[in-house]
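Atoms within each ligand, like the ligands themselves, are counted from 1 in listed order. Residue numbers run from 1 in the order of the sequence given.
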Amino acid sequence: MTDIAVVRLRCEHLTDPLGLHARAPRLGWVVQAERRGVAVSAHQVLVASSADLLAADTGDLWDSGQLPGAAGTLVPYAGAALASRQAGHWKVRVWDEDGRCSAWSSSARFEMGLLDPSDWVADWISVVRPPAGEPDRKVAPYFRSEFLLPEEPVTRARAYVSALGLYDLHLNGSRLSDDVFRPGWTDYDKRIQYQVYDITDRLRPGPNVIGAVVGDGWYAGDIGMGKREVWGSWPELLVQVEVDTADGERVIVRSDAAWAECGAPATWLATNGPIVSNDLQLGESYDARLELGEWSSPGYDAGDWKPPFPGGGPVGSLSPTVAEPVRRIEEIVPGSLVEQAPGTWVFDLGQNMVGWCRLRVSGPAGTTVTIRHAEMLDPDGSIHTANLRGALSTDHYTLAGTSPEEVWEPRFTFHGFRYVELTGLPGTPTLDSVTGVVAHSDAPTAGTFTCSNALVNQIHSNVRWGQKGNFVDVPTDCPQRDERLGWMGDAQVFVGTATFNLDVAAFFTKWLRDVRDAQLENGAYPDVCPRFGRSNPPAAPAWGDAGIIVPWTLYRRYGDIGILADHIESMEGWIDYLHRRNPELLWQHVRGMDWGDWVAIGADSPKDVLASAWWAYSTRLLAQAEAVLGRLAPAKRYSDLAEGIRQAWNDAYVKPDGTIEGATQTVYALALRFGLLDEHLRLGAAARLVADIEDRDGHLSTGFMGIAHLLPALTENGALDVAYRLLQNDTFPSWGYSIRQGATTIWERWDGWTEESGFEASGMNSFNHYAFGAVGEWLYETVGGIRVDHTAPAVVTIHPRPGAGIVWARTTYPSIHGDVACSWALQDGVLTVDATVPVGPSAQIWLPAPPGAAVTEGGVPADEADGLTALPSLPEAHGWTAAAGTYHFMVESR
Ligand code: BGC
């Protein structure tokens, strides 16, 4: 047996998913080895219908046998057809380059969902309610069903659940899971997700209770900019519990509305409870005096509960969940508390965050505490709420007065805030009266980055927090004001960075489904996905292009061809739509809201120049995607089209001397990065870009469109030092300037707050907007030195580029193939680099080495080191192809 281990088993990018619909779910794993040079020569997958069979090494569903090759990412299941509810318990072993076999991995599992609509026997249920609660905000109904189970042991039990709105599921006296905001946000006219919970161990013989509290959520509440009740006015619930017992029987407990027609006693009951109003954006109000006690426990007296009514059900179809849920992820305790005005207490959490507060209070029954949330303070120390626009972000808690301390968290709302204001408190609060509960999509943590420069580390932290706060089931622009929408432009600008911070393969797979659902029949994407209300105007340049750039970026990072395959027709639809409307190959028509280089600072890039630049770029990416899929005729067609657009763009906007119309940083950065210029104009364009930055005393001017490309364009064109300067600026405008003003997240605008003018117009001034955080990718790739790109000459490239006084950096990234790491340090003119290459992908290591420098690895000349094969040197760097393993380099100038 060999010393290698097979770990991190995943299915469709998820750990042990339940409720799959993919008929050939894709399995992935990682091979770990201590020894350098390990390569996998063969693998074997076993999939069994039970854990016992798998333990006996019997793959009754699929035994792949020993298959040649190192496959390990996204291997399609190729066993017996998978039926609804079918469980697959699976494990893997591999053989190394010498034909030695690993131990079996530990086991993982997947389970199919309800594949056929006829599998569903539950009814949608609802309550008809008079308007109640505060204006625009509605009470959240409670539902329960008490059911009897036989004495036979339960062998398998599942709850299949969905809601129009949001549900919070309870079983036998407690919450069933820590998921929040289920079933998630989709275009409910097209699809509605359901979830599957394994409740086998939570049931008992005799009486059991399943119940749910149901909130308005995106379905029936505010979704931003004054739009509310877009898909419906009243939430509904769908529950189907299936309990298999040892005697082979199946007990089904289902939300059921048929009682009324057949005169049978109702199996479900509903009532109003303490959540007297709820809304994602406005806030939640809870009256603890109305608590229902042990309402989800058996034997509870539900005498005054009423039978629910039949719901209308969704227009869209029930669809599997393909991404991680939103969960509570961490907690933040406030660092300070002041009484800003008599009876008005302001807590500072020290971090702009997204989620809600847990409140601890005591006092007399009927006292109402009001909790308001804000990202910033006004000059008088009161909370700054002007930038929230219509999002009240206000919660109320009314005390029951029955216990010495009452602890409460809302469950159907979230806010973006650093500061919390409490009013109406009976006494004097303490710091532990408030705890910030951070919630976001529970995509696994991915990369880490840290370096010797505190400002750069804070930029990285702000970028991460921007991602956490805005990855709440869909990628949103901002989490605080009445917007919080899946803006396409923001997503495409940030997706590269996003893949480094968190493993977002599943998250974006889900969102791309939303993107396809939102696409118009003529191929146009809208600016916002899921659709923002029922109207769906065509997207602006760079916003619609997210439909191409996001799947392409996911392919590059995760090597997931399936994402491209699922999306390719949609991509063609977008490009064909633009082509039909712009046969002259300049994007002059259908530019939608034409946002331009949104929130650029002190520069105005001509919108037509930008539009066709994006079109040429997207079309080229589409051609590449076609080629990856082996669709050669369309690859050729789109490649020709891309070249045609590029030519037209040059003819229209580039002067013979290489000046580009508008001459802004953004137009030069895009031209360089998108490969739009004829080769002989490249250097000149780079020089003009640098000159513009110098004219601004070393400052940037780019908005959303340019930001992801500015530092890479400089780096790739010999101006690494200028890129570092932009990164490390702390004068206006720069990331560092916002940090000097106390920013703990990335701001929407460079001038969100300035010493001269204070707050920028509050109509559009978010302090947690990730788009300018697109610099994060450059931190990982250039400072950190880790690149993972399935379209590059090597999938994994390690190439640190030290600069600007940073003397060390440590970066890790758990790629789909395994862990990549790069740590470097500069001391006394000697550069040391520790680099880790995972087992499997092609890899190169490049080290900056001045001419004549000596590069050793583990004490021997690197060119002779085990696992390294020298590549032709570049003027400033030495490179090697690298086998799997960890390397210790030293670069000494002679
Ligand atoms: C959003 C942006 C979005 C933009 C469109 C704004 O209101 O917050 O992030 O991309 O509109 O330009």
Nearest protein heavy-atom contact for atom 12 (O) of ligand 1: which residue, which atom, what distance? W595 CD2, 3.0 Å
Honestly, is R557 close enough over F500, meaning NZ or CZ under 6.0 Å from the six-membered ring centre and within 45° of the axis? yes
Determine, step by step, whether D503 and Y558 satisfy the side-chain contact (heavy atoms from CB on, under 4.5 Å) criterion, reporting the C-alpha distance in whole Å, the side-chain angles of both residues, the deciding distance to 0.1 Å, and the verdict. CA-CA 9 Å; D503 176 351; Y558 302 116; 3.7 Å; yes
Would you mind checking which non-hydrogen protein atom is closest to atom 4 (C) of ligand 1, with the distance to 0.1 Å? W598 NE1, 3.6 Å
Of the protein's non-hydrogen atoms, which lies at the shortest distance from atom 10 (O) of ligand 1, and what is that distance? D490 OD1, 2.5 Å
Do D560 and H13 have side chains that get closer than 4.5 Å, going by heavy atoms? yes
Side chains of S393 and T385: closer than 4.5 Å at any heavy-atom pair? no
A cation-pi test, strictly: NZ or CZ of R484 under 6.0 Å from the centre of the six-membered ring of F414 and no more than 45 degrees from its axis. Yes or no? yes
Is it true that the side chains of S734 and N729 contain a donor and an acceptor less than 3.5 Å apart? no
At the 4.0 Å heavy-atom cut-off, does E748 count as touching ligand 1? yes
Hey, are the side chains of V667 and S605 touching, using non-hydrogen atoms and a 4.5 Å cut-off? yes
Which ligand 1 atoms are under 4.0 Å away from a heavy-atom of F704? 9 (O)
Does R481 come within less than 4.0 Å of ligand 1, judged by its heavy atoms? yes
I'd like to check which ligand 1 atoms, numbered from 1 as shown, lie under 4.0 Å from a non-hydrogen atom of D477. 1 (C), 8 (O), 9 (O)
Only heavy atoms of E483, strictly under 4.0 Å: list the atoms of ligand 1 that pass. 1 (C), 6 (C), 7 (O), 8 (O), 11 (O)
Under 3.5 Å between some N or O of ligand 1 and some N or O of W487? no
